[in-house]
J.: 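Before I ask anything, here is the structure I am working with.
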Amino acid sequence: MAVEKYDIWRVTHSFKRSGVRERVYHDLCEAYPDGKTVEEIMASTKYDRNMVIGALVGYRDRYRSDDALVALGLVTRIELEYHGRKVTLFKASSDGKDIRSMLKRYEQNKSLRARLKKRADQAKIGN
């Protein structure tokens with residue numbers, strides 16, 4: 001999936017609905033290209049298991065699965081076998097990692113538009 005195909009509005013809306021989701025995403029971007037287990041994400045973000053799983057793949061009614069990081073394509077789920085034990089790793093997808101700079105630009109542009117609108121509104125009041 002190419003970076004251009006991401007709906008930035010949908011991603012930012014998803015992050016606004018859940019600060020946990022945003023924090024988990026940024027944590028996985030920092031670890032890129034390595035992946036992390038749920039336990040490692042819990043340790044670095046200080047969130048409990050249900051919150052981390054909800055952010056990654058959704059959890060009951062609390063975290064919608066269609067807004068989850070895996071569903072958005074920002075994070076990849078990897079199933080491995082390690083010493084006869086099944087291990088699940090989550091890592092930022094390569095496109096998901098690139099989305100970070102797009103999100104930053106989107107927020108900066110949104111902030112700029114808000115400031116310009118405020119100035120225009122103040123100018124109308126002044127006239």
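In this chain, residues are counted from 1 in sequence order. Computed from a predicted model, the values in this text were never measured in an experiment.
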J.: Taking the side chain as every heavy atom from C-beta outward, state whether Arg21 and Tyr63 have any atom pair closer than 4.5 Å.
T.: yes
J.: Would you check if the side chain of Thr45 reaches a backbone N or O of Val24 as a donor-acceptor pair within less than 3.5 Å?
T.: no
J.: For a 4.5 angstrom cut-off between non-hydrogen side-chain atoms, does Leu89 reach Leu80?
T.: yes
J.: Which pairs, with at least one residue in residues 80-90 and sequence neighbours excluded, count as a side chain to side chain donor-acceptor pair (under 3.5 Å)?
T.: Glu79-Thr88
J.: If I compare all heavy atoms of Val20 with all of Ala55, which pair ends up nearest, and what's the gap?
T.: CG1-CB, 4.1 Å
J.: Calculate, to the nearest 0.5 Å, the distance between atoms CD1 and CG belonging to Ile99 and Leu74 respectively.
T.: 6.5 Å
J.: How long is the straight-line distance from CD1 of Ile53 back to OH of Tyr59, given to the nearest 0.5 Å?
T.: 7.5 Å
J.: To the nearest 0.5 Å, how far apart are CZ in Arg17 and CZ in Arg64?
T.: 5.0 Å
J.: Under 4.0 Å between a Lys/Arg side-chain N and an Asp/Glu carboxylate O for Lys91 and Asp34?
T.: no
J.: Does Arg10 use its side chain to pair, donor to acceptor, with the backbone of Leu72 at less than 3.5 Å?
T.: no
J.: Would you compute the distance between atom CZ of Arg23 and atom CE of Met51 and round it to the nearest 0.5 angstrom?
T.: 10.5 Å
J.: Under the salt bridge (Lys or Arg N to Asp or Glu O under 4.0 Å) rule, what do Lys16 and Glu22 come out as? Steps first, then yes or no, please.
T.: CA-CA 8 Å; Lys16 283 180 184 174; Glu22 183 175 13; over 6 Å; no
J.: Rounded to the nearest 0.5 Å, what separation is found between the CZ atom of Phe90 and the CG atom of Leu69?
T.: 9.5 Å
J.: Of the non-hydrogen atoms in Gly58 and Ala68, which two are nearest, and what is the gap between them?
T.: N-CB, 3.6 Å
J.: Run the side-chain contact (heavy atoms from CB on, under 4.5 Å) check on Val52 and Asn50 step by step: do they pass?
T.: CA-CA 6 Å; Val52 170; Asn50 291 340; over 6 Å; no
J.: Please report the C-alpha distance between Val11 and Phe15 in whole Å, then the side-chain angles of each, then the deciding distance to 0.1 Å, and finally whether the side-chain contact (heavy atoms from CB on, under 4.5 Å) criterion is met.
T.: CA-CA 6 Å; Val11 173; Phe15 286 169; 3.8 Å; yes
J.: Where is the tightest heavy-atom contact between Ser93 and Gly73, given as atom of each residue plus distance?
T.: OG-O, 2.8 Å
J.: How about Arg62: does its CZ atom have over 12 heavy atoms from other parts shown lying under 6.0 Å from it?
T.: no
J.: If I take atom NZ from residue Lys36 and atom CG from residue Leu56, how far apart are they, to the nearest 0.5 angstrom?
T.: 11.0 Å
J.: Quiz question: by atom type and distance under 3.5 Å, do the side chains of Asp27 and Ser44 form a donor-acceptor pair?
T.: yes
J.: Do the side chain of Ser14 and the main chain of Asp67 share a donor and acceptor less than 3.5 angstrom apart?
T.: yes
J.: Does the side chain of Val57 reach to within under 4.5 Å of the side chain of Arg77, using non-hydrogen atoms?
T.: yes
